[in-house]
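See structure below.
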Amino acid sequence: MIDAATGKNLMDTLVKPTEPISDGARWVHGITDEMVAGARPFEKILPRLRQVTKGKVICAYNADFDRGVVLGDVRRVGKKPMHLELEESWYCLMEAYKDWVGSFRWLRLGDRHRALGNCESARKVLIRMSKGRGSTFTPTPPSPEEPVPRPPTGSILAATALT
């Protein structure tokens, strides 16, 4: 977890899983069972997680997924989720970015699939969106297998396409 405003690292830790890491998960993030052997279990990092998120909106690049994982782990260890359970505590940056760009599909965050790298990449997306798009809609060209996204309502391109 990093502070979205400053980029300051608030929490970066591996968590000891309750079962061996699957081949698929290891392929995605490169974390092995040996790497987490000495890590703390979720119930030990939960107090810090609550502390760094209290009174803040948690921006996640797939908030539904991340919220589900966190809540599942909280329940598994028999603790109360407190503010982590509230939907208003979470903001889906992936959905916001998709809408901001005018895409019907989720947009990849990047090829880094470790938590700190994802946080840094998501912060860059948030900063980019906060600067605005200017006066013209300029989408990234889609790959051949992707449908061409429509421009957002009210953009110059949308007004031109509707006339």
Side-chain angles (χ1 to χ4, degrees), residues 1-22 24-103 105-140 149 152:
M1 298 207 144
I2 63 173
D3 185 292
T6 65
K8 179 183 175 188
N9 184 339
L10 301 174
M11 183 176 180
D12 182 22
T13 184
L14 290 172
V15 177
K16 187 172 189 165
T18 56
E19 54 191 58
I21 296 172
S22 71
R26 187 173 35 259
W27 181 83
V28 168
H29 51 61
I31 298 173
T32 65
D33 290 321
E34 293 75 26
M35 293 167 73
V36 296
R40 294 178 300 157
F42 183 78
E43 60 267 21
K44 297 292 184 186
I45 64 110
L46 180 59
R48 178 76 178 145
L49 176 62
R50 286 181 180 141
Q51 179 186 13
V52 299
T53 58
K54 186 175 182 178
K56 297 184 172 119
V57 174
I58 304 163
C59 287
Y61 202 75
N62 187 348
D64 286 344
F65 176 81
D66 290 347
R67 180 173 174 260
V69 169
V70 168
L71 293 179
D73 284 345
V74 169
R75 288 184 184 105
R76 179 184 50 76
V77 298
K79 303 290 183 178
K80 293 182 180 179
M82 300 166 67
H83 66 277
L84 297 171
E85 186 169 30
L86 304 173
E87 283 189 39
E88 57 267 19
S89 292
W90 294 82
Y91 180 77
C92 189
L93 190 53
M94 181 178 68
E95 288 291 331
Y97 189 48
K98 173 184 75 73
D99 293 343
W100 186 78
V101 168
S103 175
R105 297 176 52 137
W106 294 335
L107 304 169
R108 294 186 70 155
L109 184 57
D111 60 354
R112 300 164 80 174
H113 218 66
R114 293 289 292 270
L116 184 57
N118 279 354
C119 286
E120 290 165 347
S121 295
R123 181 172 182 262
K124 287 177 184 175
V125 167
L126 184 61
I127 290 169
R128 180 176 177 217
M129 289 181 2
S130 74
K131 291 180 180 178
R133 272 195 287 275
S135 59
T136 0
F137 176 68
T138 53
T140 346

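Along the sequence shown, residues carry numbers from 1.
In this structure, R50 has no side-chain hydrogen bond (donor to acceptor under 3.5 Å, both in side chains) partners at least two apart in sequence or on a different chain. Scored by the side chain to side chain contact (heavy atoms under 4.5 Å, CB included) test, R67 finds L71, E85, E87, W90 as partners (sequence neighbours excluded). Residues satisfying the salt bridge (charged side-chain N to carboxylate O under 4.0 Å, His left out) criterion with E43, sequence neighbours excluded, are absent altogether. Considering only residues two or more places apart in sequence or on other chains, T53 meets the side chain to side chain contact (heavy atoms under 4.5 Å, CB included) condition with M1, L49, I58, H83, L84. A search for salt bridge (charged side-chain N to carboxylate O under 4.0 Å, His left out) contacts involving K98 returns E95, not counting sequence neighbours.
Between T32 and M35 there is a side-chain heavy-atom pair separated by less than 4.5 Å. For the pair R26/I31, no side-chain contact is recorded, criterion being any heavy-atom separation below 4.5 Å from C-beta on.
Distance check: S121 OG to R114 CZ gives 13.5 Å after rounding to the nearest 0.5 Å. Note: L93 CG to L109 CG = 8.0 Å, rounded to the nearest 0.5 Å. The distance from atom CG of L126 to atom OH of Y61, rounded to the nearest 0.5 Å, is 11.5 Å. Expressed to the nearest 0.5 Å, how far CG of L116 lies from CG of N118 amounts to 9.0 Å. Here L46 contributes atom CG and R40 contributes atom CZ; the two are 11.0 Å apart, rounded to the nearest 0.5 Å. Between the CZ atom of R128 and the OH atom of Y97 there is a distance of 3.5 Å, given to the nearest 0.5 Å.
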Distance-only criterion, 3.5 Å: show the donor-acceptor pairs between side-chain atoms of residues 7-15 and protein atoms not counting sequence neighbours.
residue: N9; atom: OD1; partner: M11; partner atom: N; Å: 3.0

Item to complete: Any chance you could lay out the side chain to side chain contact (heavy atoms under 4.5 Å, CB included) test for R76 and D73, step after step, and finish with the verdict?
Response: CA-CA 5 Å; R76 179 184 50 76; D73 284 345; 3.7 Å; yes
Apply side chain to side chain contact (heavy atoms under 4.5 Å, CB included) to the pair K16 and F42, showing each step before the final yes or no. CA-CA 7 Å; K16 187 172 189 165; F42 183 78; over 6 Å; no
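The minimum heavy-atom distance linking I21 with H29 is given by the pair CG2-CE1, 4.1 Å.
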